[in-house]
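Given the structure is predicted, the values throughout are model-derived calculations rather than measurements.
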Amino acid sequence: MSALPPLCLTQGDPSGIGPDITLALYRQRRESGEPFFVLADPDLLRRRAELLGLAIEIAEATPEQAHSVFTSALPVAPLKAPVKGSPGQPDPSDAPAVIEAISRAVALVRDGRASAIVTNPIAKSVLYRAGFAHPGHTEYLGELAREHWGVPCRPVMMLWSRDLVVVPATIHVPLARVPNLLKTEELVEIGAIVIEACKRDFGIARPRLVFAGLNPHAGEDGAIGREDIEIIAPAVARLAAQGHDVRGPLPADTMFHAAARATYDVAICAYHDQALIPLKTLAFDSGVNVTLGLPFIRTSPDHGTAFDIAGTGAARPTSLAEAVALAGRMARARA
């Protein structure tokens, strides 16, 4: 039995593949895997298991009971809000249960009843139609962290895989806005958060970071844009002056082949696709979304709700399995 509290999985959008991959993952892990419990509507998981033809026992349980229950049944901490959860038919009336699972997960990890949070995919558009006021999952977690811990935090998205780890400095914004959004001060802050997480959560005593250039050839000494010289290079210089192992800006087109990847631990990229294209090329089914900068551990599979295949049995739990394994590894490192 693990000395740590169990991992907490959230339900995600009940009409997506979250229930499918949770059930599939439990079937894989129940004999030898790290125990977890799910914040969900137990009847949703029972219905989905029946639809998928999975003979899995669903047991209502507290987080403290998860270790003893796990080998014989999937432990589920029931939500107050019931859900429809019709596969492939997202319903805004299910939004309260989706939000409840996230908020309760944060409260449980704050109280020491869970060691980390693994969030199943949600559909922001569905939540927006129900009046959800936050830009997304990560921003809501940041707000909950401020409420529960009383400290400001800067959530930073890391995409982790066994072959490559990347951090996009800007995320879901139009490409035309990226040059104006890149700021030296913020790049320094992101670098510092990544370095701290590498040491604390990944056991890397001296993390090696590289920064990708924004422009082709990292600007070619200013011939193809000044942003690399005026914004990214000063950030790299400031982090290096603090004693960190940091390089850049480097031409992005030569950063991601195998020999180059062997020279660094994390690549900080200027924009979303610069980070996600190489990550998903190398680890499309197994990438993990990790939120750094929070006072708790949060991982998530690096894919969406996949409404089109929910309830069909086609969804694979590979990314969720990696997210759970990584959350357990990070929790043990912190402990």
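- Between S115 atom OG and M330 atom CE the span is 11.0 Å, to the nearest 0.5 Å.
- Between the side chain of Q274 and the backbone N or O of G213 there is at least one donor-acceptor pair closer than 3.5 Å.
- Atoms CZ and CG, on F37 and L74 in that order, are 11.0 Å from each other to the nearest 0.5 Å.
- When side chains are defined from C-beta on, R110 counts as touching W149, because their heavy atoms get closer than 4.5 Å.
- Listed by chain and number, the residues in a side-chain hydrogen bond (donor to acceptor under 3.5 Å, both in side chains) with E189 are R154 (sequence neighbours excluded).
- Residues F284 and D302 form no side-chain contact, since every pair of their non-hydrogen atoms from C-beta on lies 4.5 Å or further apart.
- With D41 contributing its side chain and P82 its backbone, the two residues share no donor-acceptor pair below 3.5 Å.
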Would you check, one step at a time, whether the test salt bridge (charged side-chain N to carboxylate O under 4.0 Å, His left out) holds for E64 with R113?
CA-CA 7 Å; E64 291 75 18; R113 302 178 69 193; 2.7 Å; yes
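- A salt bridge links D265 with R208: the distance from a Lys NZ or Arg NE/NH1/NH2 to an Asp or Glu carboxylate oxygen falls below 4.0 Å.
- In terms of modelled atom types and a separation under 3.5 Å, the side chain of T170 and the main chain of A270 share a donor-acceptor contact.
- For the pair I117 and I297, the minimum side-chain heavy-atom distance is 4.5 Å or more.
- Using a 4.0 Å cut-off between charged nitrogen and carboxylate oxygen, K84 and D94 do not count as a salt-bridge pair.
- Criterion: ILVMFWY side-chain heavy atoms under 4.5 Å apart, direct or through other members. Under it, V266 and Y264 are not part of a common hydrophobic cluster.
- One finds the OG atom of S300 at 13.5 Å from the CD atom of E322 (value rounded to the nearest 0.5 Å).
- Clustering ILVMFWY residues whenever any of their side-chain heavy atoms sit less than 4.5 angstrom apart, transitively, puts F211 in the very cluster that holds V156.
- Summarising the geometry, atom CD1 belonging to I193 is positioned 11.0 Å from atom CE belonging to M158; distances are rounded to the nearest 0.5 Å.
- Residues I58 and L320 share a hydrophobic cluster, clusters being chains of Ile/Leu/Val/Met/Phe/Trp/Tyr side chains in contact below 4.5 Å.
- The shortest side-chain heavy-atom distance between P179 and Y271 does not fall under the 4.5 Å cut-off.
- Here the CG atom belonging to L292 is positioned 8.0 Å from the CZ atom belonging to R200, to the nearest 0.5 angstrom.
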Evaluate the criterion side-chain contact (heavy atoms from CB on, under 4.5 Å) for residue pair T254 and L250; output intermediate values, then yes/no.
CA-CA 8 Å; T254 57; L250 304 180; 5.9 Å; no
Step-by-step side chain to side chain donor-acceptor pair (under 3.5 Å) determination, T299 to N289
CA-CA 6 Å; T299 67; N289 186 340; over 6 Å; no
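- Side-chain contact check for C8 versus L39: some heavy-atom pair is nearer than 4.5 Å.
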Checking side-chain contact (heavy atoms from CB on, under 4.5 Å) for the pair R298/T138: CA distance, chi angles, key distance, verdict?
CA-CA 9 Å; R298 180 261 180 144; T138 300; 3.2 Å; yes
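- By the neighbour-count criterion of 12 heavy atoms within 6.0 Å, atom CD of E230 is densely surrounded, having more than that number from other residues, nucleotides or ligands.
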Audit row: R247, T263, side chain to side chain donor-acceptor pair (under 3.5 Å) steps and yes/no:
CA-CA 10 Å; R247 293 182 291 129; T263 68; 2.9 Å; yes
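- In this structure, a donor-acceptor pair under 3.5 Å is absent between the side chains of D163 and S161.
- Under the 4.5 Å side-chain heavy-atom criterion for grouping Ile, Leu, Val, Met, Phe, Trp and Tyr, L175 is connected to L181 within one hydrophobic cluster.
- For R146 and E143, the salt-bridge test passes: some basic side-chain N is under 4.0 Å from an acidic carboxylate O.
- For R104, the CZ atom is densely surrounded, since the number of other residues' heavy atoms within 6.0 Å is greater than 12.
- In this pair, Y26 and F70 present their aromatic rings perpendicular. The plane angle is above 60°, beyond the 30 to 60° band.
- A continuous path of hydrophobic side-chain contacts links I190 to I204 [ILVMFWY only; heavy atoms under 4.5 Å].
- Considering K280, R261, M255 in turn, R261 is the only one that fulfils the side chain to side chain contact (heavy atoms under 4.5 Å, CB included) rule with L164.
- The distance from atom CD1 of I195 to atom CG of L239, rounded to the nearest 0.5 Å, is 5.5 Å.
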